[in-house]
Amino acid sequence: MANLAGLYGAGRSLPYTKSNNRIMRQQQAINFLSETNRNSRDSLSISSRARSFSKQSIAALIDKSANVSESELSYYFANYNNPSAILDAINFGEHVSCGYNPDFKDYGAVYFTHNGIRQVVPIYAVPKINANSLPGIHAVNNSLVLKNKSYYAWTGINGSRYAWEVKNGIIGYAQSESLLAENMGTNYMREMGKAGGILSTLAQGRSLWDELYSRKEVLSTCEKVGIKPGFFSIDAGAGKHTYILQESGNVINVDKEINNLNNTNWIRAGYKEGDTFSVFGNEYAIDNSGHIHISVDDTFTSTDVIFPKHSRQ
């Protein structure tokens, strides 16, 4: 009881009620965490204010009234001294969400799935990313290549840099930052949402005309990452995809265009063997099967597709 009085205040009475069971479970949780402290796990880089109540908050999380078990905190305990691992689990994990369950009091928690098991990390223990230390998102020779499961910096219209993540063709504001972000309705947040949506759509090989983005927004986003009108490619963990950016802001999906041209039987469409198409500056003749054969690895010098004169005309 002396230990509990020290934790909750020396002058505070502890009448025997059902809540005593909860307090005892919390004390057990603190003892559990103390075992990990013997391995110097207290060196996690969190604020001094957070450090001052870390044991109490963890006790509250383990409390069964909050529906959180020790197994759900196992990843957090195992990586208590490894902020990078915690960040990666949140930003590149599955089923990530942020909870403000009243049972967590003022602490809150971030949830994610690791090896099929739900895991919980207290909000105060989620490290902040220093966006100023991250590389920017920039294309080289109209080729934007971003390393999968990595962090980059985006400069908002307010001039500040923000941590972005790349995961399997998804590009945008890091989840560990966005889940806890304030002022979500500000202009720079909306701008980042639009830019991330445009880049993610392209990085996954989808066509922008399927999405709700204006051509002005597309041009602005492409210009910001160094993509100029003409052929460009993007690879962000979901394969390389090639497009044509027109001066108007319209984007042509070259991969889909080539696939459609190759898969069409042009003899059945009224052309004859030997008729020649001019596709992006190269000539391709119809073979005896009725097809032309364009490779995405060909070198293209034009953005035009010119059909031969129709044999039925």
Side-chain angles (χ1 to χ4, degrees), residues 44-46 72-99 109-156 160-181 184 189 191-206 208 211 221-222 224-227 232-243 255:
L44 177 66
S45 297
I46 57 179
E72 291 173 307
L73 281 161
S74 61
Y75 188 89
Y76 172 51
F77 287 150
N79 294 280
Y80 193 71
N81 197 36
N82 190 348
S84 295
I86 292 174
L87 277 176
D88 289 350
I90 294 171
N91 291 318
F92 307 130
E94 302 295 331
H95 308 114
V96 181
S97 63
C98 186
V110 174
Y111 306 87
F112 59 91
T113 299
H114 181 72
N115 292 334
I117 300 174
R118 188 182 83 152
Q119 294 294 312
V120 178
V121 173
I123 282 177
Y124 71 77
V126 179
K128 291 285 292 180
I129 303 174
N130 180 8
N132 292 324
S133 67
L134 301 175
I137 300 174
H138 194 76
V140 177
N141 296 324
N142 259 22
S143 176
L144 181 62
V145 179
L146 302 176
K147 186 178 178 180
N148 195 32
K149 296 187 178 180
S150 295
Y151 300 100
Y152 293 86
W154 178 270
T155 302
S160 297
R161 287 165 66 90
Y162 299 90
W164 276 29
E165 66 183 46
V166 174
K167 175 189 172 184
N168 303 329
I170 303 297
I171 306 169
Y173 199 18
Q175 289 193 91
S176 63
E177 304 281 305
S178 63
L179 284 172
L180 310 178
M184 292 295 289
M189 292 294 291
E191 177 236 4
M192 286 201 297
K194 287 282 189 179
I198 290 168
L199 293 176
S200 296
T201 298
L202 297 172
Q204 293 174 76
R206 307 203 313 269
L208 279 172
E211 310 295 337
T221 297
C222 287
K224 195 159 186 175
V225 299
I227 294 175
F232 73 92
S233 65
I234 181 169
D235 187 344
K240 180 181 177 181
H241 302 284
T242 305
Y243 301 88
D255 299 334

Residues in side-chain hydrogen bond (donor to acceptor under 3.5 Å, both in side chains) with [X], at least two apart?
X    : result
T113 : H95
K194 : none
Y152 : none
K147 : none

Is there a side-chain contact between [X] and [Y] in this structure, where contact means two heavy atoms from C-beta onward sitting under 4.5 Å apart?
X    : Y    : result
K224 : W154 : yes
L144 : L202 : no
I86  : P127 : yes
E177 : I129 : yes

Which pair of heavy atoms, one from [X] and one from [Y], lies closest together, and at what distance?
X    : Y    : value
R161 : L134 : NH2-O, 2.6 Å
A85  : N79  : CB-OD1, 3.4 Å
A153 : A131 : CB-O, 3.5 Å
V110 : V96  : CG1-CG1, 4.2 Å

Mind checking the [atom1]-[atom2] spacing from [X] to [Y]? Nearest 0.5 Å is all I need.
X    : Y    : atom1 : atom2 : result
I227 : L199 : CD1   : CG    : 7.0 Å
S176 : L87  : OG    : CG    : 5.0 Å
H241 : Q204 : NE2   : CD    : 8.0 Å
I198 : T221 : CD1   : OG1   : 3.5 Å
C222 : N142 : SG    : CG    : 9.0 Å
M192 : T155 : CE    : OG1   : 10.5 Å

Return all side-chain donor-acceptor pairs below 3.5 angstrom for residues 164-172, not counting sequence neighbours, or 'none' if the list is empty.
unit_1: E165; atom_1: OE1; unit_2: Q175; atom_2: N; d: 3.0
unit_1: K167; atom_1: NZ; unit_2: G93; atom_2: O; d: 2.7
unit_1: N168; atom_1: OD1; unit_2: N148; atom_2: ND2; d: 3.1

More than 12 heavy atoms from other groups under 6.0 Å of CG on N132: yes

Go through N130 and Y151 one step at a time and tell me if the side chain to side chain donor-acceptor pair (under 3.5 Å) criterion holds. CA-CA 10 Å; N130 180 8; Y151 300 100; over 6 Å; no

Under the criterion side chain to side chain contact (heavy atoms under 4.5 Å, CB included), I'd like the reasoning laid out for M189 against Y173: C-alpha separation, chi angles, the key distance, then a yes or no. CA-CA 9 Å; M189 292 294 291; Y173 199 18; 3.6 Å; yes

Could you work out, with ring-ring contact (aromatic ring centres under 6.0 Å, His included) as the rule, every residue matching H114, not counting sequence neighbours? Y75

